[in-house]
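Working notes, beginning with the structure itself.
Note on naming: letters A, B, ... go to the chains in the order of the sequence lines (proteins, then strands), and numbering restarts at 1 for each one. Because the structure is predicted, anything quoted here is derived from the model rather than measured.
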2 protein chains.
Amino acid sequence: MIELDKTDLKILSVLQQEGRLSNLELAEAINLSPSPTLRRLKRLEQEGVIAQYVALLEPAKIGLGLEAFVRVMLDKRERQFAAFAQAVQGWPEVVTCHAMAGEMDYLLRVVFEDLAHFSRFVMDTLLQHPGVVDVKSSFVLQAIKQTTALPLAHLARPQG
Amino acid sequence: MIELDKTDLKILSVLQQEGRLSNLELAEAINLSPSPTLRRLKRLEQEGVIAQYVALLEPAKIGLGLEAFVRVMLDKRERQFAAFAQAVQGWPEVVTCHAMAGEMDYLLRVVFEDLAHFSRFVMDTLLQHPGVVDVKSSFVLQAIKQTTALPLAHLARPQG
DNA sequence: TCAATATTGGCATTTTATGCCAATGCTGCG
DNA sequence: CGCAGCATTGGCATAAAATGCCAATATTGA
């Protein structure tokens, strides 16, 4: 694994919350001068520790007030896993999709405008896809926690 | 809802993928000069359409190779919902937590280093929390799709 | 304690952000 | 169809930030 010292962790921690800080602001936040701050940042990007910078939008402000988790079961005999994975990439309502152990089904997280929209997605898109044998939807009542920040504490031992 | 024209949508679309573009680069990407680009961007931030900028880290590079979804059932008689929601905020392994309709339970997405770490989390943290009566874990085999980008197509009608 | 190596801080230069104003494009009304 | 009024853009000047370089400082191991 990549060597990350305390200063690197500070950088990562700050940028996980404020990804568009200028180098100057970042430097101030981590208590280091701009030059080495920038060098470290470039290294973290280079090494791929920082995978991407993104703007997070407020779903409600763009008319996406509803959210659901959908469990999709595929007919195992059809060997359509790759095709399904491919199709998922093209469905913008699907924000995440994971292949799950155990039942070997898929868990999708879906955002949508209203029930009509969701209904269309399930009926016209999901259920039309070859190999999809069943779909179980659970609606989100409330987002209790929603973060993109990964924990870093496990790296902050002696000088890891 | 906030008025967003075609140009605003282009800005949002670009920044959902590359959140740290300079204003100059953003302007070029959306084919507009820097001045109005910056004005629009500030407005989108001001209005709260853009909620936050973040750096996304590569889990594997920081030793977080495993992921699971955990369904948590609370004893409804104990009225501990708020306390649970509060506690979740302080558990860094929990990346998202949603209250679900139907069974009225919680669905957590959890990242961790190894099974020992996960085991500790479940035994020492989750199951120790008052009101937690049951926990069902499903491990992620594969992340098929993982995006923070919300769909914008539904806003791109005539001139909405 | 000293030498070798890695890291930092500060400065000069290039690039970018930002505020302002005139020019351009759009809208609605006569 | 043309014009007035409003909104948006482009470009320029100034302020701020990024970036590369080098000497100074800190760290490591013997």
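Residues satisfying the side chain to side chain contact (heavy atoms under 4.5 Å, CB included) test with A:A29, not counting sequence neighbours, are A:V14. Shown here are the side-chain hydrogen bond (donor to acceptor under 3.5 Å, both in side chains) partners of B:D134, two or more places apart in sequence or in another chain: there are none. In this structure, B:R120 has no side-chain hydrogen bond (donor to acceptor under 3.5 Å, both in side chains) partners at least two apart in sequence or on a different chain.
With 3.5 Å as the limit, one finds no donor-acceptor pair spanning the side chains of B:S13 and B:Q16.
The existence of a salt bridge linking A:R109 and A:E67 is confirmed by a sub-4.0 Å separation between a basic side-chain nitrogen and an acidic carboxylate oxygen.
The CG atom of A:L15 sits 6.0 Å away from the CG atom of A:L41 when rounded to the nearest 0.5 Å. Note that the CD1 atom of B:I2 and the CG atom of B:L4 stand 6.5 Å from one another [nearest 0.5 Å].
Linking Ile, Leu, Val, Met, Phe, Trp and Tyr whenever their side-chain heavy atoms come within less than 4.5 Å leaves B:L21 and A:V54 in two separate clusters. Using a 4.5 Å cut-off between side-chain heavy atoms of Ile, Leu, Val, Met, Phe, Trp and Tyr, with links allowed through other members, A:V135 and A:V94 fall into the same hydrophobic cluster. B:F81 and B:V132 fall within the same hydrophobic cluster, where Ile, Leu, Val, Met, Phe, Trp and Tyr residues are linked whenever their side-chain heavy atoms come under 4.5 Å apart, directly or through other members.
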Base, backbone or nothing for each nucleotide of nucleotides 15-26 of chain C, written B, S, -, heavy atoms under 4.0 angstrom, 5' to 3'?
-SSSBB------
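As a whole-Å value, the separation of A:L26 CG from C:dT8 C1' is 15 Å. Regarding B:K6, its NZ atom lies at a distance of 15 Å from the P atom of D:dT9, rounded to whole Å. Counting to the nearest Å, the P atom of C:dT8 and the CG atom of A:N31 are 13 Å from each other. Here the P atom of nucleotide C:dT7 and the CD atom of A:E3 are 11 Å apart, to the nearest Å. Counting to the nearest Å, the C1' atom of C:dG9 and the CZ atom of A:R40 are 14 Å from each other. In this structure, CZ of A:R43 is placed 15 Å from C1' of C:dT8, rounded to the nearest angstrom. Following rounding to the nearest Å, A:E45 (CD) and D:dA18 (C1') show an atom-to-atom distance of 13 Å.
In the helix from C:dT1-D:dA30 to C:dG30-D:dC1, the rotation axis of the first five pairs and that of the last five pairs differ in direction by 40°, rounded to 10 degrees.
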Taking only nitrogen or oxygen atoms into account, show me every contact under 3.5 Å that the protein makes with nucleotides 26-28 of chain D, one pair per line with its distance.
none

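Under the 3.5 Å distance criterion, the side-chain polar atoms of B:D105 are left unmatched by any main-chain donor or acceptor of B:R71.
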